[in-house]
Amino acid sequence: MPELPDVEGFRRVLAEHGVGRRIERVRVVDPGVLRGVGAGTLDRALRGHRFDEPERHGKWLLAHTDGPTVLLHFGMTGSLHWCGTEAAPHRHDRVIFVLDRGELRYRDMRKLQGVRLAHEPDEVAGLLAKVGPDALSVTRRDFTERLRGRRGRVKSVLTDQSVLAGLGNLLADEILWQARISPWTPVDRLDDARRRVLFDTMRRVLRAAVPTGRVPPRRSWLTGARDSPDAPCPRCGTPLSRRRLSGRGTVWCQRCQPG
DNA sequence: TCAGTTGTTTATAT
DNA sequence: AATATAAACAACTG
């Protein structure tokens, strides 16, 4: 699930239940999700510290404390939950931050990404060095600059986290469908007007999705149709087209998005 | 049994 | 050098 709006939802969970709370201990249920840090080190580094206001950058969640920072990435199936200590364990709880009030649980079925630890701000910067500007806070000027001079298909560029951070497969398809731009369009063939439409549409889709904490399945959106195999375009009724683009299942409307 | 899945990295080819 | 593609990672569903 996790794309920018999902991770923004996890940030809110952490902001609501974690900020100001003391970390009593860290229970690593499955060390398979730890990246570059061991269970003992993680626990010792965080014990006694309190969570500060968290940040999100693209699909990364930065769980700051008054000591180190924990970096969470949710891959395709991760999530973050708060619950009381007595709550039943979930099969896919991998790391549990035991607080002085309840627990924050990093849950993930597939373990494609995981949990990192940064002792210093420089270490955080190092881990995010290759990540582009956040899709929700990037300016139109910066957005345009970053698209200019790139080649390849517009969808591949939009989902390239080093160009722009936060857009995944669903969001990219949705934004391009709403902007009436074919995902197969070479990005260097977009003129100023089309780039502006793309930017405005991206912001509109993100702003609609973020409060829901997901990419919402709406009837009037492509998201509401793409899961049914023979679904028509919600806008014009034309049967939707499906094909793989850079290895990802891609859905678009040939009539609304010519190219 | 087989294909597919909302992410990222790596190897290989162009 | 930059892009494109496939595979790998791991777990599960239809």
Side-chain angles (χ1 to χ4, degrees), chain A residues 1-11 29-36 56-61 71-80 90-95 106-116 126-132 134-136 146-178 183-190 202 205-206 208-210 212-218 221-231 240-252:
Chain A
M1 292 158 54
E3 302 187 42
L4 188 154
D6 308 81
V7 181
E8 184 61 21
F10 304 147
R11 190 197 62 76
V29 182
D30 184 346
V33 298
L34 299 185
R35 303 295 142 108
R56 181 195 53 74
H57 187 100
K59 302 173 191 172
W60 286 94
L61 181 57
L71 289 90
L72 302 171
H73 197 298
F74 299 92
M76 288 172 75
T77 51
S79 56
L80 186 69
H90 186 281
R91 192 213 302 228
H92 300 127
D93 287 338
R94 309 296 187 186
V95 177
Y106 175 83
R107 191 171 293 174
D108 193 14
M109 181 181 72
R110 299 164 75 179
K111 295 173 280 187
L112 295 176
Q113 293 295 321
V115 178
R116 289 172 163 78
L127 287 167
L128 300 182
K130 294 194 299 187
V131 182
D134 185 75
L136 201 51
R146 289 185 159 264
L147 258 53
R148 203 193 330 258
R150 289 257 164 198
R151 288 170 22 216
R153 319 233 116 117
V154 62
K155 179 179 174 182
S156 306
V157 176
L158 286 180
T159 53
D160 183 338
Q161 302 300 298
S162 68
V163 175
L164 194 64
L167 304 187
N169 196 45
L170 284 186
L171 275 172
D173 279 1
E174 187 65 39
I175 291 163
L176 289 165
W177 179 78
Q178 292 198 24
W184 303 89
T185 310
V187 72
D188 56 7
R189 298 253 316 274
L190 296 174
M202 176 180 76
V205 171
L206 286 176
V210 158
T212 73
R214 59 192 298 201
V215 185
R218 295 191 178 169
W221 282 21
L222 181 63
T223 49
R226 64 178 298 152
D227 289 343
S228 330
D230 299 317
L240 291 169
S241 304
R242 297 169 189 273
R243 205 174 143 193
R244 299 194 85 73
L245 194 163
S246 29
R248 317 310 311 279
T250 298
V251 183
W252 79 104

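So that the names make sense, note that chain A is the first sequence line, chain B the second, and so on, each numbered from 1.
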For this session: Can you tell me the distance, in whole Å, between the CD atom of A:E174 and the P atom of B:dT6?
Result: 14 Å

Exercise. Distance check: side-chain N/O of A:R35 vs OP1/OP2 of B:dT8, anything under 4.0 Å?
Worked result: no

For this session: Report yes or no: do A:T250 and A:K155 form a side-chain donor-acceptor pair below 3.5 Å?
Result: yes

Problem set entry | Interatomic distance where CG belongs to A:L171 and P belongs to B:dT5 [whole Å] | 16 Å

For this session: Looking only at non-hydrogen atoms, find the nearest pair between A:R116 and A:W60 and report the distance.
Result: NH1-CH2, 3.7 Å

Seminar exercise, completed: Per nearest nucleotide of DNA chain B, the residue lying toward the 5' end, A:K130 or A:N169, is A:N169

Exercise. With rounding to whole Å, what would you report as the distance between B:dT6 and C:dT3 at their P atoms?
Worked result: 24 Å

Seminar exercise, completed: Taking B:dT5, C:dA4, C:dA10 as options, the one with an atom nearest any side-chain atom of A:S156 is C:dA4

For this session: Answer yes or no: does a side-chain N or O of A:H73 lie under 4.0 Å from OP1 or OP2 of B:dG7?
Result: no

For this session: Examine C:dC12: is either OP1 or OP2 under 4.0 Å from a nitrogen or oxygen in the side chain of A:H92? Give yes or no.
Result: yes

Seminar exercise, completed: A:L170 CG to B:dG4 P, in whole Å, measures 17 Å

Problem set entry | Short side-chain N/O contact to B:dG4 OP1/OP2 from A:R242, under 4.0 Å | no

Exercise. Can you tell me how far P of C:dC9 sits from CG of A:D108, to the nearest Å?
Worked result: 17 Å

For this session: Indicate the atoms forming the closest heavy-atom contact of A:T223 with A:V215, along with that distance.
Result: CG2-CG1, 3.6 Å

Exercise. To the nearest angstrom, how far is A:K155 atom NZ from C:dA4 atom P?
Worked result: 13 Å

For this session: Whole angstrom is fine here: how far is it from CZ in A:R189 over to P in C:dT3?
Result: 16 Å

Problem set entry | Below 4.0 Å: OP1/OP2 of B:dG7 and any side-chain N or O of A:R248 | yes

Exercise. Are OP1 or OP2 of B:dG7 and a side-chain N or O of A:K59 less than 4.0 angstrom apart?
Worked result: yes

For this session: Classify the nucleic acid contact of A:G168 as base, sugar-phosphate or nothing, counting any heavy atom under 4.0 Å across all strands shown.
Result: sugar-phosphate

Problem set entry | Interatomic distance at P, B:dT8 relative to C:dA1, whole Å | 25 Å

Exercise. Is A:R150 salt-bridged to A:D188, going by a charged N under 4.0 Å from an acidic O?
Worked result: no

For this session: Once you apply the 3.5 Å cut-off to both distances, tell me the Watson-Crick or G-U wobble partner of B:dT6, or none.
Result: none

For this session: Give the rounded distance in Å between these two atoms: CZ of A:R150 and P of C:dA1.
Result: 15 Å

Exercise. With a cut-off of under 6.0 Å to the ring centre and 45° to the axis, is A:R243 in cation-pi contact with A:W252?
Worked result: no

Seminar exercise, completed: Side-chain atoms of A:Q161 come closest, of C:dC12, B:dT8, B:dT6, to B:dT8

For this session: Record whether the side chain of A:R214 comes under 3.5 Å of the base of B:dT6 through a donor-acceptor pair of N or O atoms.
Result: no

Exercise. Any Lys/Arg nitrogen of A:R107 or A:D93 sitting under 4.0 Å from an Asp/Glu carboxylate oxygen of the other?
Worked result: yes

Problem set entry | Interatomic distance where NZ belongs to A:K111 and C1' belongs to C:dC9 [whole Å] | 11 Å

Seminar exercise, completed: Regarding the side chain of A:R91, the nearest nucleotide among C:dA11, C:dC12, B:dT5 is C:dC12

